[in-house]
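Below: one structure, written as structure tokens.
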Amino acid sequence: MITPLHAESAPATAGRSATPIILDSNGYAGTGSAQQSPLLDGLNPQQKEAVEYRGQALLIIAGAGSGKTSVLTRRVASLLETRDAWPSQILAITFTNKAAAEMRERVHAILGQASDGMWISTFHSSCVRILRREAEKIGLSSTFSIYDSADSKVTLKRIIKGLDADTYGFTPGSAGAKISKLKNELADADSYARNANMSDPQEVMFVEIFRQYSARLRAASALDFDDLIGETVYLFRAFPKVAALYRRRFRHLLVDEYQDTNHAQYALVHELTRPVTAELAQEMEDDGVHVRNLRDGSGAIPGASLTVVGDSDQSIYAFRGADTRNISGFERDYPGAKVILLEQNYRSTQNILSAANAVIGHNFDRTDKKLWSAGGDGEKIVGFTAYSGHDEAQFVSDEIQVLHAAGMAYRDMAVFYRTNAQTRALEEILVRSATPYRVVGGTKFYERAEIKDALAYLIAVANPVDELALRRILNTPKRGIGPATETALSSFADDNELTFRQAMRNCAALGLGPKVTGTILKLAELLDAAALLLVPTSVTDDGVPVGGSNVSDVLEFLLGGSGLLAVLRGSRDPQDEVRAENIEELVAQTKDFNKENPDGGLVDFLTQVSLVAAADDLDDASGTVSLMTLHTAKGLEYEAVFLTGVEEGLLPHQMSANEPGGPAEERRLFYVGITRARKRLYLSLAMTRAQFGDINVAMPSRYLQEIPAELIDWKQSPGMANSRGGTQPRALNARRDGGFGGFGNSLTSSSDGYGGRSGYGTSAKPAGLPPGKPKTEWANKITGTVRDNGSLELAAGDRIRHHDFGEGRVNQVTGEGTKRIAHVQFDTAGAKKLLIKIAPIEKI
DNA sequence: TCCGGCAAGATTTTT
DNA sequence: TCTTGCCGGA
């Protein structure tokens, strides 16, 4: 049991919290005097127990859609309500910033201000927060840089080149993956070398790469993503007194998505929940740290209580080192742990759950768990086999329109895919049908070259020893400093034990041309001047520095001084216009940051930028269809889900075939995708898929056959697509070698024909095409030329001809400018919405 | 040093 | 298909 906290241990909130927190201002009015806390309203017995249990360790096995987030937030609220904890004693860890924000919001909605002071954040953010505070203890600057995988790659590339390690088969990717894996196991170059087979020259080379990589990061005062966790663990292990401070502070640790934790994260949790020894506690007390009321009979501070939530069936990050043994071994790691199973699903219909159960049931070596719903069977799952990726996209788009017409909001629909490359076809069709959509994740804003350039200027100011950032901006924009000069500067720095930045300041000693020397000095001066801007101009009576420039001022100063923005604006390349706009967007973001974080400095901004994840920019309020990978879909839910590309080679992905446990992990991924759907689930696949510019034959995924046939209503089964393929000329027939033969038949048993339906992938049906237009013409031409009908005037009543849909009549034109949309009733293809600017149409 | 042209390689998933 | 890297010429 946890020692209840007494009032004297209360932080500043004590005064306000003298009475138990009353929730009636938040919609719980009238239940205040009831025996049961309103926090438990509407929960089933298992959920209630998960909220109310008090003990050292709690494992909540939460199946998909079992109300996990709700339980977790209520548990946090309950801890505060029952005064088992003060907000500052709670550390809740989620996987994404998005999940953290949502949890913070929900707790705040229940408790209001009483929730202030909690740490609710990701593993990485929490670690950065701790590390910035304790940086000098482990030999880092508190303004250390955070390297993303691209930065690591660049660094590794230089090392591999310097060592000629590519002759041993090392690439930045392969070496990076191996280093990352080792770091996730808390190994470093030295510990690895001790166990490595050093008679193998390749191993020797790898150790050298690892060593140099670590050395470079250290010299640049930089940490990569894996270091953020690993160094925090190291900090706690090497400095017990530092660890004790955090162990004393965080009395309640809650970890979400525990199945996705890797060894380093596991170790971190372990470090944080260890007891503080009596000696150390005494030492702290002698140092004036308030610990008395936390100490037990022996004088020690017991370990914090730990709650973990997870579902090993949803573990999809094994490739990143996630180890489900963390969850399966929880009871061993924390003897006496309570385990609560949440199996009732509140999200999906029974049909969807039955499919999910059937699929995941094919994974052996798992504790059986059956999701069930009290919500009824619901609609059948819809299956569709398209001829091509574009055809599939057309089906998705048409079906979205059908759902939308039936009253479903765009924001309640999502399209999932295994690889980012699949977005292309989807986007093309969605743009054409004027369906509002957004791609979640994908090429991220902060990964764009021009944004990284601008950020590199900021990083160079914040962390002057970061060579990577300096070398990035050295010749960006072009200022006549080539690779030769760059190398000269770099070796000059190495030879004289200077940082790259110091080398720049002293470059006159290098004997370069006067012009180049001047340019380098000017850049160094620009960075120095920017750093001066940040220095506070005065100090308040309380010793708080004020008056330093904020992030946007510094950024604008750097952009002006370097000419980065001006060069892009002056370029003839139309792409540079977009790049300039992106940089302006970044400036706008720094201004937003200033507003939202008045006390936030440059380093805070850079930290935030470094740790944003794909799912984080998801804006639920926007009325758009969401497109995302299956990985980013985890933790989200939608009324209708389109799971596309359910093909061999894609799901399971080709790359997973050789990996041990690969197909099982891919199955879990499929399972995660299925269980995101509340009411409608669509599974689609294509018989051919464009890849690297040419077209490959695709086979239905093995996982499809694991779903009981009666659950799927095939609008077009693989067998049907196959049999009809022979009757119509198709562009791809020539490439086909009859490989579909045995497949479809096992899947067609449930098919109920398609003849009566209209509006499904009209363009896929040879019968629906205008006469005299064989499929060969359109099979893959959608990627073709960029059209611009910007000036085309259309009005209701006009007749038009569409390249694919044939002739039709315009019913209505909506929107303005480039977003004008024609609502067209086609003679044979039905009703369509077309973006006038780019649709392949002409007026007749 | 910069730029254009051409060949080769790439794509699993992400904090 | 698209991006990256290498080569040769200015």
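Residue numbers start from 1 in every chain, and the chains themselves are labelled A, B, ... in the order their sequence lines are given, proteins ahead of strands. In this text the structure is predicted, and so the values were computed from the model without any measurement.
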Any Thr485(A) side-chain N or O less than 4.0 Å from OP1/OP2 of dT1(B): yes
Parallel, tilted or perpendicular: ring planes of Phe642(A) versus Tyr682(A), cut at 30 and 60 degrees: parallel
Separation between the C1' atoms of dT12(B) and dG5(C), rounded to whole Å: 24 Å
Distance below 4.0 Å between His653(A) side-chain N/O and dT12(B) OP1 or OP2: yes
Length of the CE-C1' vector between Met655(A) and dA10(B), whole Å: 9 Å
Nearest-angstrom distance from the residue atom CD of Gln654(A) to C1' of dT12(B): 11 Å
Atom-pair distance (CD on Glu257(A); P on dT13(B)), nearest Å: 19 Å
Residue-phosphate contact under 4.0 Å: Asn475(A) side-chain N/O, dC2(B) OP1/OP2: yes
5' precedence on DNA chain B between Ala421(A) and Ser149(A) (nearest-nucleotide basis): Ala421(A)
Length of the CZ-P vector between Arg320(A) and dT13(B), whole Å: 13 Å
Lys/Arg-Asp/Glu bridge criterion (N-O < 4.0 Å) met for Glu231(A), Arg218(A): yes
Minimum side-chain heavy-atom gap Phe123(A)-Thr261(A) below 4.5 Å: yes
Verify stack between Tyr317(A) ring and dT13(B) base, 5.5 Å, 30 degrees: no
Sub-4.5 Å side-chain heavy-atom contact between Asp256(A) and Lys68(A): yes
dT14(B) OP1/OP2 closer than 4.0 Å to side-chain N/O of Thr629(A): yes
Sugar-phosphate only, base, or nothing, as touched by Phe95(A) at under 4.0 Å among non-hydrogen atoms: sugar-phosphate
Whole angstrom value for the distance that separates P of dT15(B) from CD1 of Ile229(A): 13 Å
Side-chain N or O of Asn420(A) closer than 4.0 Å to phosphate OP1/OP2 of dT11(B): no
Criterion salt bridge (Lys or Arg N to Asp or Glu O under 4.0 Å) on Arg418(A) and Glu647(A), from CA distance to verdict: CA-CA 10 Å; Arg418(A) 178 66 230 269; Glu647(A) 298 146 30; over 6 Å; no
Distance in angstrom units between Glu447(A) CD and dT15(B) C1', rounded: 11 Å
First encountered from the 5' end of DNA chain B, between Arg418(A) and His124(A): Arg418(A)
Atom-pair distance (CG on Leu650(A); P on dT13(B)), nearest Å: 10 Å
Any Lys157(A) side-chain nitrogen or oxygen under 4.0 Å from OP1 or OP2 of dG5(C): yes
Sugar-phosphate only, base, or nothing, as touched by Lys515(A) at under 4.0 Å among non-hydrogen atoms: nothing
Spacing of His631(A) atom NE2 relative to dT13(B) atom C1', expressed in whole Å: 4 Å
